[in-house]
Each structure stands twice: as C-alpha cells, then as structure tokens.
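Note that the structure is a prediction, hence the values are computed from the model and not measured.
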Amino acid sequence: MGESAADILRNAGKTFQDWLGTAKRNSDTKGIRSEDIKAISSALQRAEKALRKAPREEKDSPELSAEIASYRKILQELQTTLEHVGIRLQIRRAQMTGAKSHLQAVKRWAELTQKLR
C-alpha cells in the first residue's frame, strides 16, 4: 500500500514550510531557486491527486481532516509569501531593466565620443 493522503499532505506541508523558512530569511530574490518552485508545484500536484483519489473511508477520517486543516493554513501562508515574492521579482525586473537602459546609454555615449575623436 502506498502513502496515505494524510502522509502526502504532511510531506507537502513540510516542503512548503521549509521553503517558507528560506523565503523569510532572504529579503531579496537571490534565495529563490527555480528548483524550489518546481518542488512546491510538484508537492501541490501530489496533494491534489492524493485528495482526489483517496477512498471515501480515508476522506472521512479524523486524521485526514486534521491534516487538511493544517494544510490549508500552510497554503494560506504560502500564497501570501508567493505573492510577496512575485512583487519582489517584479521590482527586481524593473531595476534590471533600468540598469540595462543605463548601460545602453553609456555605450551609446562612448560610441559617440569615439566618433568625435
């Protein structure tokens, strides 16, 4: 017999909590890795599938009900944190775009200076 839906939710919650801890320790976007986002996505998909395929008697169990309540709380925190990370990434993109524009302007200025000599 494979993992129960409660076990899968518990493991997904641990994956999310580990990443949330890392995200909270890093105020910038440097600590955010694509591998972590893929792991979160995979855990979400496994949990959804486990809940969908769980037998009726498991769905009605107090253990699964408790795990679902815990999972919901973690998902709410995950959603909030991912929204904040998304905003930080947009800010970082704007900063990089500004820096790129500045570098392009400096390059053009240098090229024009060379032509004037």
Side-chain angles (χ1 to χ4, degrees):
M1 184 174 158
E3 283 183 295
S4 69
D7 290 337
I8 291 171
L9 288 183
R10 195 174 303 112
N11 290 336
K14 178 160 179 15
T15 297
F16 304 155
Q17 287 178 322
D18 290 347
W19 184 81
L20 286 166
T22 299
K24 287 177 183 175
R25 285 189 301 275
N26 295 309
S27 61
D28 60 10
T29 57
K30 293 177 185 156
I32 299 167
R33 303 173 319 154
S34 63
E35 297 85 16
D36 295 333
I37 302 303
K38 288 176 186 175
I40 290 170
S41 176
S42 177
L44 285 167
Q45 290 172 7
R46 285 190 71 216
E48 186 274 331
K49 183 178 177 182
L51 287 172
R52 191 171 17 89
K53 293 190 174 205
R56 170 60 52 201
E57 52 277 356
E58 185 180 4
K59 287 181 180 178
D60 295 338
S61 75
E63 178 189 16
L64 184 57
S65 294
E67 284 304 324
I68 289 172
S70 177
Y71 185 73
R72 278 189 181 134
K73 288 179 185 176
I74 295 169
L75 283 180
Q76 289 170 341
E77 186 177 357
L78 181 65
Q79 179 180 8
T80 300
T81 302
L82 286 171
E83 288 170 356
H84 291 150
V85 166
I87 291 167
R88 291 194 318 241
L89 288 171
Q90 289 174 354
I91 290 168
R92 183 72 179 131
R93 179 189 294 167
Q95 290 170 336
M96 292 177 73
T97 300
K100 182 180 177 182
S101 295
H102 177 74
L103 288 173
Q104 289 171 338
V106 168
K107 180 182 174 188
R108 279 181 259 155
W109 177 81
E111 289 169 351
L112 289 173
T113 301
Q114 288 294 328
K115 287 182 182 180
L116 292 174
R117 288 187 182 173

Test of understanding: with side-chain contact (heavy atoms from CB on, under 4.5 Å), list the residues that count as partners of E77, not counting sequence neighbours.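 Testing E77 for side-chain contact (heavy atoms from CB on, under 4.5 Å), a comparison that skips the adjacent residues, returns L20, K24, T81.
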Does P62 have any side-chain contact (heavy atoms from CB on, under 4.5 Å) partners at least two apart in sequence or in another chain, and if so, which?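 Partners of P62 under the side-chain contact (heavy atoms from CB on, under 4.5 Å) test: none.
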L89 side chain reached by V85 side chain, heavy atoms, under 4.5 Å: yes
Between D18 and K14, is there a side-chain heavy-atom distance shorter than 4.5 Å?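 Side chain of K14 against side chain of D18, heavy atoms only: contact under 4.5 Å found.
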Just how far is it from atom [atom1] of [X] to atom [atom2] of [Y], taken to the nearest 0.5 Å?
X	Y	atom1	atom2	value
Q79	H84	CD	NE2	10.5 Å
I40	Q45	CD1	CD	12.5 Å
D7	E63	CG	CD	6.5 Å
L44	Y71	CG	OH	4.5 Å
L75	I68	CG	CD1	11.0 Å
S61	R56	OG	CZ	11.5 Å

By the rule that ILVMFWY residues connect when side-chain heavy atoms come within less than 4.5 angstrom, directly or transitively, which residues belong alongside I8? none
ILVMFWY cluster membership beyond I91 - transitive side-chain contacts under 4.5 angstrom: I87
When you look at L82 and F16, which way does the side chain to side chain contact (heavy atoms under 4.5 Å, CB included) test go after all the steps? CA-CA 11 Å; L82 286 171; F16 304 155; over 6 Å; no
Might you point out which heavy atoms bring [X] and [Y] nearest each other, and give the distance in Å?
X	Y	value
L9	A47	CD2-CB, 3.6 Å
G13	I74	CA-CD1, 3.8 Å
A54	A5	CB-CB, 4.1 Å

Just wondering, are more than 12 heavy atoms of other shown residues or ligands nearer than 6.0 Å to NZ in K59?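 Atom NZ in K59 is crowded, with more than 12 foreign heavy atoms closer than 6.0 Å.
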Main-chain N/O of A66 paired to S70 side chain as donor or acceptor, under 3.5 Å: no
Which residue pairs satisfy the salt bridge (charged side-chain N to carboxylate O under 4.0 Å, His left out) criterion with at least one member in residues 36-50, sequence neighbours excluded?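 For residues 36-50: E3-R46, R33-D36, E48-R52.
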Validation: residues 95-113 side-chain donor-acceptor distances under 3.5 Å, sequence neighbours left out:
{"from": "T97", "atom 1": "OG1", "to": "R93", "atom 2": "O", "distance (Å)": "2.9"}
{"from": "S101", "atom 1": "OG", "to": "T97", "atom 2": "O", "distance (Å)": "3.1"}
{"from": "R108", "atom 1": "NE", "to": "Q104", "atom 2": "O", "distance (Å)": "3.4"}
{"from": "T113", "atom 1": "OG1", "to": "W109", "atom 2": "O", "distance (Å)": "2.8"}

